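Below is one structure, written out as structure tokens, with a few remarks after it.
We're numbering straight along the sequence, starting at 1. Note that ligands are numbered from 1 as they come in the structure, with each ligand's atoms numbered from 1 the same way. Just so it is clear, the structure is predicted and the values come from calculations on it, not from any experiment.
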Amino acid sequence: MQHVEPFSQPVYITQPLLPDIDKVMEKIGQIWKSKHLTNNGMMVCRLEKELGEYLKVKYLSLFSNGTMALQLACRILKLSGEVITTPFTFAATPHALVWNNIKPVFCDVENETLNIDPQGIERLITPKTTAILPVHVYGNPCAVEQIQQIADRYGLKVIYDAAHAFGVEVDGKPIGAFGDISMFSFHATKVYHTVEGGGLAFCSPILKEKADLLRNFGIKSEDSIVESGTNAKLNELQAAMGLLVLELVDEEIRNRKKVANQYRDALKDIPGLTFFKDISGVRHNYSYFVIRIDRKQFGRSRDEVCEELKRYNVFSRKYFYPLCSQFECYRDLPSAAEGSLPVAEKAAGEVLALPMHGRMSTDTVDRICRIIRQIQLTAGKKI
Ligand SMILES: *Cc1c(COP(=O)(O)O)cnc(C)c1O
């Protein structure tokens, strides 16, 4: 095999989807003319409607970011005590609970999807449990039916962290239709973005009404403030960006699918290297391309591969590592005890997200894959 040279320019984990700058300027011109920069302007109202249609959810509200949206979701549902969640997620998931004075209770994950394992939920339920907060990790849907059954049996609420799951559908059902509330993140690193931003999809109009109050200080009308709300509004500039990115997102997802399939084709049959396959009946969004590296079979650990890739100017990410249960602020929780989350612990040591976005060239993907093969071949040798 031919020796592969490092990239001359860094290849980053992702690149934000950027609309044509002239179109951005045109939208900004409209905002300037309106002199309405925030507080439910025309852009936010339009985006809320268009995104609701795209995500096929009846009740959607937009927020300054996904984390604030998740914090407010807990507040709207009046959650307290303990909430069962997954350690295999981004810091924002358990943090949103703690900001509501709720104790996160970590449940182990399923090996196939790395989503919360419904089999583990029931034995973590106590009289203090008020909800389940699962995450659709990498956009792969959770075991939504089983989770709902457990929630119904114990009278618990369900909030989905759907930050990765923009546009995902399960057997024709939109991902935002499950649970009481689903949170979407529109951060610049996600498939769809508004620079920073977030959304909540609700199962009832009453919840949306409450969220809309809480994101704007609880102001009901000029003379009446009815809730101790906060400031979590999306502004007009963000919404303008969101309207333009929405025009591009279907093509972006189609292109990402091609990139994912090229990765899968080029990385198949490498001993000790596995990846996620598409699930039948699921519309995927190809948010991430994540490989798992079994150190024994591959010959090198995930950490070594990550470091080696940097020498080739390729920047991958250990996503998710460390587990939330290993954070200084959470490791003393009883559910975080070492050894109690074996599937998540193993996965956190093996996963590596490779560069992914819809505008990657086939040459770039091909070269990254050849570099990975080369890293394996040179295992144990200095290159
Ligand atoms: C990105 C992300 C969030 C937080 O979203 P922000 O919009 O960045 O606040 C929460 N959970 C998960 C799983 C995420 O990936």
With heavy-atom distances below 4.0 Å as the criterion, list the atoms of ligand 1 near M183. 10 (C)
For ligand 1 and T67, I'd like to know whether there is a polar contact (N/O to N/O, distance under 3.5 Å). yes
State whether a side-chain donor-acceptor pair under 3.5 Å links S287 with N285. yes
Nitrogen or oxygen of T89 less than 3.5 angstrom from that of ligand 1: no
What do you reckon, are the aromatic ring centroids of F276 and Y138 less than 6.0 Å apart? yes
Any N or O of G66 that comes nearer than 3.5 Å to an N or O of ligand 1? yes
What is the closest protein heavy atom to atom 11 (N) of ligand 1, and at what distance does it sit? D161 OD2, 2.7 Å
With a 4.0 Å cut-off, would you call D212 and K208 a salt bridge? yes
State whether Y288 and R317 meet the cation-pi test: NZ (Lys) or CZ (Arg) under 6.0 Å from the six-membered ring centroid, and within 45° of the perpendicular axis. no
Give the residue, atom name and distance (to 0.1 Å) of the protein heavy atom nearest atom 3 (C) of ligand 1. F90 CD2, 3.7 Å
Can you sort out the partners of D20 under salt bridge (charged side-chain N to carboxylate O under 4.0 Å, His left out), two or more places apart, ordered by chain and number? none
The option among A163, A162, A96 carrying the non-hydrogen atom nearest to atom 14 (C) of ligand 1 is A163
Y319 neighbourhood, listing ligand 1 atoms whose heavy-atom distance to it stays under 4.0 Å: 15 (O)
Measuring from non-hydrogen atoms of G197 to any atom of ligand 1, is the shortest distance under 4.0 Å? yes
State whether the shortest distance between N or O atoms of H164 and N or O atoms of ligand 1 falls below 3.5 angstrom. yes
Counting from 1, what ligand 1 atoms have a heavy atom of A92 closer than 4.0 Å? 4 (C), 10 (C)
So the ring-ring contact (aromatic ring centres under 6.0 Å, His included) pairs with at least one residue in residues 49-85 (sequence neighbours excluded) are Y54-F166
Test of ring centre spacing under 6.0 Å for F7 and Y312: no
Sub-4.0 Å atoms of ligand 1 with respect to non-hydrogen atoms of K190: 1 (C), 2 (C), 14 (C), 15 (O)
Centroid-centroid under 6.0 Å between H164 and Y319 rings: yes
List every atom of ligand 1 that sits less than 4.0 Å from any heavy atom of S185, numbering the atoms from 1 in the order shown and giving each element. 1 (C), 5 (O), 6 (P), 7 (O), 8 (O)
Partner of Y286 under side chain to side chain donor-acceptor pair (under 3.5 Å), picked from N261, N255, D278, is D278
